[in-house]
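We name chains A, B, ... by the order of the sequence lines, and we start the count at 1 in each one.
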Amino acid sequence: MTNLPKIYDPQEIEGKWYKFWEEKRYFHAEVISDKPSYTIVIPPPNITGILHIGHALDNTLQDCLIRWHRMNGFNVLWIPGTDHAGIVTELIMERKLAEEGTSRKEIGREEFIKRMWLWKSESAGNIVSQLQQLGCSCDWERERFTMDDGLSKAVRTAFVKLYEQDLIYQDTYMVNWCPQCDTAVSNLEVEPIEIDGNFYHIRYPVVDSDIVLEIATTRPETMLGDTAVAVHPEDERYQRLIGKTVCLPLSNREVPIISDSFVDMEFGTGALKVTPAHDVNDYEIGLRHDLEQCVVFTSDGHMNENAGQEYSGLSRLKCREKVVEDLQKLDYLVKIVPHPHAVGHHDRCGAIVEPTISPQWFMNVKPLAQRAIEATKNGDVKFIPERETTRFLHWMENIEPWPISRQRWWGHRLPIWVCEVCQKSTAAMDTPVKCECGGTNLLQEEDVLDTWFSSGLWPFSTMGWPQKTDELQTFYPTSVLVTGWDILFFWVARMIMFGLACTDEVPFNTVYLHGLVADDKGQKMSKSKGNAIDPLETIQKYGTDAFRFALVNASTPIPYVPLPEAQIESGRRFTNKIWNAARFILMNLDKYPIRRENLDSMHENILEVNWIKSRLAQTINSATDALDNFRFHELAQTLYAFLWHEFCDWYLEFVKQRIANNQPYALWIAADVLEQTMRLLHPIMPFLTEEIWQQLPKDYDVIGTNIEPSVTVAEWPQSDVEDTIAEKTMSTLMNVIENIRSIRGELNVPNGATIDIHIQSPDPMVRNHLDSYLEQYLPAFTRVNDVVISESLPKPKASAEAVIGNLVIYIPLEGVIDLDEEKTRLSKRYQQIVKDIKAAQKTLENPQFVERAPEIVVQQKKDLLDRLSIEHDKLERSLAMLDNS
RNA sequence: GGGCGGGUAGCUCAGGUGGCUAGAGCGACAGCUUUACACGCUGUAGGUCACAGGUUCAAGUCCUGUCCCGCCUACCA
């Protein structure tokens with residue numbers, strides 16, 4: 001006997017089914033298969049991280065695609081894994097060390113790395129089990145980590161390969177330096193943040209002259225490192241000063257006045273202090289004029305001895321204060337003007353980035369970008385939404401060398417060895433025995449590679465590259481990459497470039513970039529803002545399937561997708577609705593078990609059965625179409641509307657009546673429709689659908705087949721043909737019912753009161769259908785007592801009425817009806833119709849419309865006008881009668 | 001400075017290639033303990049689709065301009 005709880009309890013079933021799937025190895029992909037491959041590599045989350053809302057969305061969408069393709073008969077592989085996340089992870093470890101009263105430098109590289117691995121092994125399981133809680137059907141037997149041996153070998157191979165092509169080189173150049181993390185970072189990791197800064201106007205006295213040059217700067221402390229002042233060559237104000245020198249206040253050094261067309265005459269005072277060691281533009285100017293590079297900062301953001309005794313040892317900020325103070329004291333400061341401007345901050349630690357000259361390893365990505373551009377333009381890789389293509393191409397076309405070395409420890413150490421004798425660098429897979437010069441003492445480069453270097457190889461390093469593995473053969477290039485648009489440049493761009501460089505192929509054919517989850521104010525959810533939903537708490541509270549449904553439903557093509565709590569609640573209500581629909585069907589199946597022999601002899605032509613089959617067919621089509629085009633919101637909407645508002649609101653209500661009349665056929669169809677709907681919903685709601693699917697009887701075959709051991713590997717439903725006649729008839733029937741309900745409601749007919757209705761329709765087919773259905777159903781649907789249907793009937797006295805095309809419903813309500821209220825009700829409808837008629841007439845009276853619009857559109861308009869006109873006339877007559885009574 | 005996205009019901013959003021009387025969820029209001037579900041059922045109200053032009057037989061949808069909001073990008077010190 002089926003005895004299900006009234007309220008769906010997700011806790012009860014989720015763990016059970018995940019275990020079942022794993023035991024059956026449904027998520028495992030075989031290398032040898034005659035099915036076509038469908039592959040996704042997970043954008044690897046941080047190894048020590050925990051699941052946040054962004055992961056939840058990203059992986060839910062991937063799981064939808066994966067599960068859908070699995071049901072569609074593909075050989076599906078979803079490779080999971082994690083990323084070592086160099087800088088962030090080190091930062092957290094350093095915080096831990098600080099709590100213990102020690103530091104990275106104090107314990108040394110070896111010990112530090114040891115601690116990192118230890119921590120890794122402790123926390124590695126977190127994110128994995130969280131992804132499992134989310135229901136992700138990854139092939140866990142193929143889980144990877146960026147610092148695994150195989151993947152590390154891929155890193156070295158790629159490095160050596162690119163080094164040998166001169167695409168990786170060492171150079172001393174100006175890079176973004178994070179004084180807090182003590183490492184170089186790339187442009188992408190620098191976040192410009194608008195701050196309320198100032199413009200400091202400072203006097204620079206010209207030597208051997210009483211002229212004083214006024215310069216304006218936002219960073220007065222850098223003047224300690226000035227080695228020139230630049231003006232525009234055509235600036236008449238300053239032309240005669242070019243070639244002279246100024247005396248640098250505070251440091252009292254003499255520096256030249258040079259001319260360079262970089263200087264903007266309109267901006268500031270038109271005179272620019274030049275600090276080649278601490279500003280990118282100044283650096284370039286310095287190179288052009290062969291200026292000295294005077295370094296005044298230490299790598300941890302303090303002033304060094306070049307800044308002068310007064311300032312040496314001060315922090316950047318303290319130094320600025322003191323410089324301004326001293327300038328004021330010595331009367332060099334003209335004024336301070338508020339000047340808001342953007343300052344680069346390190347996106348990982350938030351420290352202000354310092355442009356610094358330092359020897360770093362770079363990757364010349366320009367030639368690789370060129371290939372990526374070509375691959376994009378010829379369609380080898382496609383971006384969804386399409387607008388992302390423009391963004392991608394723009395970035396690729398303006399790409400700059402990528403600094404890949406980081407002065408950190410946790411990551412892949414550069415496979416570069418430097419000879420102690422000749423100082424020459426050698427790139428190699430393993431420590432070389434000796435150098436070209438014969439030297440045998442070679443030391444490996446201390447730096448590690450940017451984490452994105454190894455992540456960029458992820459689509460193929462996870463499959464065993466550089467070896468020619470069967471995995472690569474079968475699953476590469478992968479099918480699609482799914483991630484948020486915010487990491488298009490970080491990951492996707494690098495994956496494409498590396499893919500082309502290393503494998504000569506784009507690593508995926510499609511890139512789907514989804515939005516970022518935002519709070520109700522449209523702000524991106526993030527931990528630091530404190531506005532984030534915790535996925536694990538949410539799952540706890542609402543259940544995984546409800547959460548997943550909310551995420552999929554929120555996935556419209558906009559850049560920031562809002563996910564208010566109400567939407568998750570709505571998801572939970574939906575799971576409960578599904579649960580109860582299943583409960584209703586299962587409980588009744590106990591009383592009316594399905595019998596194949598009965599089924600065969602009962603293929604009756606039942607209106608509601610034909611209707612729901614037709615609706616299901618359309619639902620299958622639009623769900624498939626939505627998935628085909630990554631329209632996740634539409635997928636969720638379609639299934640929600642079908643299941644709730646057609647299957648539950650209408651079909652199951654019919655089933656109740658059938659059961660009451662001892663006719664279980666419609667119930668059995670309900671079971672079958674539910675079974676197929678569970679398959680349609682499975683990619684979104686894996687747990688609930690499996691639970692219900694397993695409980696449904698499997699020894700029958702009504703519409704589809706149901707013989708697989710799990711919905712996970714059941715076939716995606718095939719759509720039947722639509723039945724337009726059943727849909728049309730049903731729509732009339734539903735209309736009649738809705739109108740009666742509406743009248744009851746609006747005219748305040750007491751709830752318990754039964755009513756009679758008279759229906760007149762000139763259409764014999766309609767009359768026939770209504771005759772056979774209404775009598776049976778109306779009592780239950782609208783508490784109707786007696787139904788009279790005819791071609792023409794006089795309007796009963798004191799009756800309310802509704803007009804549906806050429807069909808009229810009268811409800812005699814003598815003694816109940818308030819004529820004024822009825823008049824108001826009808827006039828409202830009447831006025832609306834008049835308006836609609838006018839609009840339709842206007843269109844049809846336009847000869848050009850009739851001439852140029854497609855025939856079907858014209859016909860539709862005509863039909864509409866006909867329908868409206870009939871209603872109009874009938875209403876007009878009724879209103880006149882009401883006036884006379 | 002360049003580029004992109006958005007402005008549709010009280011709120012959050014749907015409305016692929018222009019063509020049904022502009023939709024949903026949530027909220028509001030009214031009424032229902034109808035034996036699957038009160039995480040429910042039934043009904044009602046609520047929109048000059050930011051503004052101004054234009055293209056078209058036809059514009060929420062395409063074009064131009066304007067005004068807001070958000071984001072990305074850029075070396076203006």
Side-chain angles (χ1 to χ4, degrees), chain A residues 4 6-8 192 199 215-219 222 230 262-264 266-269 271-275 279-284 339 341-342 385 387-388 390-391 394-395 398 485-486 488-489 516 518 520 522-524 542 546 553-554 556-567 569-570 572-588 625 629 631 633-634 637 640-641 645 648-649 652-653 656 738 741-746 748 751 780-783 832-833 835-837 839-840 843 846-854 856-858 860-861 863-864 867-868:
Chain A
L4 298 173
K6 271 171 82 159
I7 305 265
Y8 169 58
F199 237 161
I215 61 100
T217 180
T218 53
R219 301 194 57 194
T222 62
F262 168 79
V263 179
D264 182 348
E266 310 291 314
F267 194 79
T269 63
L272 172 71
K273 62 187 271 308
V274 184
T275 324
D279 182 277
V280 189
N281 300 311
D282 294 9
Y283 176 76
E284 298 289 344
H339 179 67
H341 60 282
R387 67 178 120 90
E388 298 294 341
T390 326
R391 232 176 104 230
H394 181 258
W395 191 75
N398 296 289
W485 56 262
D486 55 331
L488 175 63
F489 305 144
L516 310 181
D520 47 12
Q523 297 281 310
K524 180 188 168 182
Y542 298 99
N553 194 34
T556 62
I558 55 174
Y560 289 91
V561 297
L563 189 70
E565 186 111 4
Q567 197 156 341
E569 265 165 27
S570 163
R572 177 177 58 187
R573 280 201 285 271
F574 187 40
T575 54
N576 197 54
K577 188 73 180 176
I578 298 168
W579 178 254
N580 275 287
R583 185 164 165 257
F584 170 76
I585 291 168
L586 288 167
M587 286 188 326
N588 281 293
D625 187 56
N629 294 291
R631 290 202 291 262
H633 167 76
E634 199 177 301
Q637 284 293 306
Y640 183 96
H645 296 307
C648 290
D649 284 356
L652 291 186
E653 293 304 316
K656 284 180 188 169
E738 279 166 346
R741 281 174 177 166
S742 174
I743 289 171
R744 288 191 70 121
E746 283 186 66
N748 301 316
N751 208 42
F781 280 85
T782 63
R783 300 211 174 179
Q832 181 61 45
I833 294 226
K835 216 176 107 193
D836 293 340
I837 282 181
T843 311
N846 184 341
Q848 285 177 307
F849 170 74
V850 184
E851 199 179 303
R852 297 201 196 173
I856 182 147
V857 175
V858 178
Q860 277 168 357
K861 252 317 169 229
D863 291 348
L864 172 68
R867 272 202 314 275
L868 291 174

Considering only the C1' atoms, how many Å lie between B:U12 and B:G7, rounded to the nearest integer? 14 Å
Report the base-pairing partner of B:G1 (Watson-Crick or G-U wobble, both distances below 3.5 angstrom), or none. B:U73
Tell me what A:Arg219 touches on the nucleic acid: a base, only sugar-phosphate, or nothing, going by heavy atoms under 4.0 Å. nothing
Is A:His645 close enough to B:G40 that one of its side-chain N or O atoms is under 4.0 Å from OP1 or OP2 there? no
I need the A:Asp282 CG to A:Phe262 CZ distance, nearest 0.5 Å. 7.5 Å
Scan A:Val857 against the nucleic acid and name what it touches under 4.0 Å (heavy atoms): base, sugar-phosphate only, or nothing. base
Output yes when at least one side-chain N/O atom of A:Arg573 is less than 4.0 Å from OP1 or OP2 of B:A38, else no. no
Between A:Arg573 and A:Asn576: side-chain donor-acceptor atoms closer than 3.5 Å: no
Among B:U44, B:C76, B:G19, which nucleotide has an atom closest to any side-chain atom of A:Glu746? B:U44
Provide the distance between the two C1' atoms, one in B:G15 and one in B:G47, to the nearest whole Å. 14 Å
A:Glu634 has its side chain closest, among B:C75, B:C26, B:G16, to B:G16
Assign A:Glu388 to base, sugar-phosphate, or nothing according to its heavy-atom contacts below 4.0 angstrom with the strands shown. nothing
With the side chain of A:Asp625 defined as its heavy atoms from C-beta on, choose the nearest nucleotide among B:A36, B:G16, B:A77. B:G16
Which part of the nucleic acid, if any, lies within reach of A:Glu738 when heavy atoms closer than 4.0 Å are counted: base, sugar-phosphate only, or nothing? sugar-phosphate
Determine the Euclidean distance between corresponding P atoms of B:G70 and B:A24; express it in Å to zero decimal places. 31 Å
Which part of the nucleic acid, if any, lies within contact of A:Val263, taking any heavy atom under 4.0 Å across all strands shown: a base, the sugar-phosphate backbone alone, or nothing? base
Using a heavy-atom cut-off of under 4.0 Å over every strand shown, decide if A:Gln637 touches base, sugar-phosphate, or nothing. sugar-phosphate
Does atom NE2 of A:His341 have more than 12 heavy-atom neighbours from other groups under 6.0 Å away? yes
Quick one: does A:Lys6 reach the base of B:A36 with a side-chain donor-acceptor pair under 3.5 Å? no
When A:Tyr8 and A:Gly745 are each assigned the nearest nucleotide of RNA chain B, the 5'-most assignment goes to A:Tyr8
Measuring from atom CZ of A:Phe584 to atom CG of A:Leu4, what distance do you get when rounded to the nearest 0.5 angstrom? 13.5 Å
For A:Ser570 and B:G25, is the shortest distance between a side-chain N/O and OP1 or OP2 below 4.0 Å? no
Interatomic distance at P, B:A14 relative to B:G53, whole Å: 28 Å
Across the strands shown, which category fits A:Asn846 at heavy-atom distances under 4.0 angstrom: base, sugar-phosphate, nothing? sugar-phosphate
For A:Lys656, is there an ion pair with A:Glu653 - N to carboxylate O distance below 4.0 angstrom? yes
Nucleotide of B:C37, B:A14, B:U12 approaching A:Pro562 most closely (side-chain heavy atoms): B:U12
Starting from P on B:U34, measure out to NZ on A:Lys656 and report it in whole angstrom. 11 Å
Base, sugar-phosphate, or nothing for A:Pro847, non-hydrogen atoms under 4.0 angstrom? nothing
Both distances below 3.5 Å, Watson-Crick or wobble geometry, any strand: find the nucleotide opposite B:C67. B:G7
Contact class for A:Gln832 (heavy atom, under 4.0 Å): base, sugar-phosphate, or nothing? nothing
Pairing partner (Watson-Crick or G-U wobble, both distances under 3.5 angstrom) of B:U55: none
Give me the distance, rounded to whole Å, that separates B:G18 from B:G27 when you measure between the C1' atoms they each carry. 33 Å
Using atom CD1 of A:Ile585 as one end and atom P of B:C37 as the other, report the distance to the nearest whole Å. 14 Å
To the nearest angstrom, the CD-C1' distance between A:Gln860 and B:A58 comes to 13 Å
A:Phe584 CZ to B:C41 P: how many Å, rounded? 14 Å
Considering only B:C72, B:A77, B:A14, which nucleotide approaches the side chain of A:His339 most closely? B:A77
Answer with base, sugar-phosphate or nothing: what part of the nucleic acid does A:Phe262 contact at a heavy-atom distance below 4.0 Å? base
Any strand is fair game: report the nucleotide pairing with B:G40 by Watson-Crick or G-U wobble, both distances under 3.5 Å, or none. B:C32
Of the candidate nucleotides B:A36, B:A14, B:U42, which contains the atom at the shortest distance from the side chain of A:Ala581? B:A36
Separation of the P atoms in B:U64 and B:G3, to the nearest angstrom: 12 Å
Could you work out which one of B:G19, B:U42, B:C71 sits closest to the side chain of A:Arg741? B:U42
Considering only heavy side-chain atoms of A:Arg387, the closest of B:G40, B:C4, B:C76 is B:C4
Rounded to the nearest Å, what distance is computed from the CG atom of residue A:Leu272 to the C1' atom of nucleotide B:C75? 11 Å
Could you tell me whether A:Ile558 contacts a base, only the sugar-phosphate backbone, or nothing, with contacts defined as non-hydrogen atoms closer than 4.0 Å? sugar-phosphate
What's the separation between atom CG in A:Leu516 and atom CG in A:Asp486, rounded to the nearest 0.5 Å? 4.5 Å
Distance between the C1' atoms of B:C20 and B:G25, in whole angstroms? 23 Å
Whole-Å C1' distance, B:U8 and B:U48: 12 Å
Could you state the interatomic distance from CG (A:Leu868) to NZ (A:Lys861), rounded to the nearest 0.5 Å? 9.5 Å
Whole-Å distance, A:Glu266 CD to B:A77 P, equals 15 Å
Rounded to the nearest angstrom, tell me the gap between atom OH in A:Tyr560 and atom P in B:C69. 17 Å
Closest approach to the side chain of A:Ser742, judged atom by atom: which nucleotide of B:G19, B:C71, B:U44 is it? B:U44
Using whole Å, what does the distance between atom C1' of nucleotide B:C13 and atom CG of A:Leu563 come to? 12 Å
Indicate, with a heavy-atom threshold strictly under 4.0 Å, whether A:Trp395 touches base, sugar-phosphate, or nothing. nothing
Go through B:A36, B:C39, B:C75 for me and flag the one nearest to the A:Ile7 side chain. B:C39
If you look at every strand shown and take non-hydrogen atoms under 4.0 Å, does A:Asp649 touch a base, only sugar-phosphate, or nothing? sugar-phosphate
If you measure from CZ on A:Arg219 to NZ on A:Lys273, what distance do you get to the nearest 0.5 Å? 8.0 Å
Under-4.0 Å salt bridge between A:Arg391 and A:Glu388: yes
Find the distance between CG (A:Asn281) and CG (A:Leu272) and round it off to the nearest 0.5 Å. 8.0 Å
